[in-house]
Amino acid sequence: MRTFWDELALYLRYLQAIGVEALPKRKSFERFLKLDLSPPPKNLEEVAKEIKNCTRCKLHRTRTHIVLGEGPEQTKLMFVGEAPGRDEDLEGRPFVGRAGKLLDQILETIGLRRAEVYITNVVKCRPPGNRNPEPDEIEACLPYLSKQIKIIHPRLICTLGLVAAQTILATTQPLARLRGKVHEREDFKVVVTYHPAFLLRYPSYKVQALEDLRLLKRLYQELE
Ligand code: SF4
């Protein structure tokens with residue numbers, strides 16, 4: 001049965017077919033998810049094939065590996081960070097360095113194993129010198145995250161760090177205003193917390209991160 005969004009996508013294709021070129025500006029990630037008219041891939045393997053030689057943004061020039069993400073296709077919980085770092089770029093896997101070890105500990109704290117959740121980043125190639133990804137790089141890479149979310153269909157997304165939080169929630173608010181609460185979206189709930197790399201630099205923020213994770217754990221348990 002066709003959903004409302006299928007109907008909307010058909011209508012937008014019709015508008016394009018009759019020459020309407022300007023579609024609504026992508027203001028929110030949720031709208032981006034809904035208005036992405038590209039044919040949905042069937043599984044993550046197809047996304048991996050599609051991204052394999054991606055040159056959509058300048059990050060392709062300096063990357064060693066594309067880091068698409070890791071974890072089961074069937075999961076209710078997805079973690080989204082900012083971008084691969086040096087270790088991730090070298091190994092082609094997300095969160096494998098010191099920050100990754102801390103993420104593993106964080107998951108343990110709430111009784112989860114890495115194998116149970118899907119972990120990815122907003123952009124899939126390492127920004128040089130571990131700088132934050134730039135807006136044009138985020139925009140270029142978002143279709144991949146959109147596809148991952150459509151395939152996995154998580155009920156809960158935990159964003160790690162400011163870039164992920166602002167991208168998923170389509171806001172410019174600071175992280176301190178976004179964390180510590182549940183952001184209800186139509187298809188999923190979002191919990192915002194600090195990036196593990198930030199917690200390595202500023203360990204005193206682990207107390208607040210723990211509060212976020214307790215919130216995440218409660219929501220996750222409610223899903224079961
Ligand atoms: S960051 Fe994303 S859009 Fe840019 S080259 Fe890598 S995969 Fe392509």
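Both counts, for ligands and for their atoms, begin at 1 and track the order of listing. Only this structure's heavy atoms are used, side chains among them; waters, hydrogens and symmetry mates stay out.
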Tyr205, OH atom: more than 12 neighbouring heavy atoms under 6.0 Å:
no
In short, salt bridge (charged side-chain N to carboxylate O under 4.0 Å, His left out) pairs touching residues 73-82 with sequence neighbours left out are none
Between Lys42 and Glu45, is a salt bridge (Lys or Arg N to Asp or Glu O under 4.0 Å) present by the stated rule, with each step listed?
CA-CA 8 Å; Lys42 291 192 193 81; Glu45 219 172 294; over 6 Å; no
Does the pair Glu134 and Lys58 meet the rule for a salt bridge (Lys or Arg N to Asp or Glu O under 4.0 Å), with working shown?
CA-CA 10 Å; Glu134 292 169 356; Lys58 57 188 176 296; 2.9 Å; yes
Write down, by chain and number, every protein residue that brings a non-hydrogen atom to less than 4.0 Å from an atom of ligand 1.
Ile51, Cys54, Arg56, Cys57, Leu59, His60, Arg63, Lys124, Cys125, Ala140, Cys141, Tyr144
For Val47 against Ile151, the heavy-atom pair lying closest together
CG2-CD1, 3.5 Å
Give a yes or no on whether the ring-centroid distance for His195 and Phe95 is below 6.0 angstrom.
yes
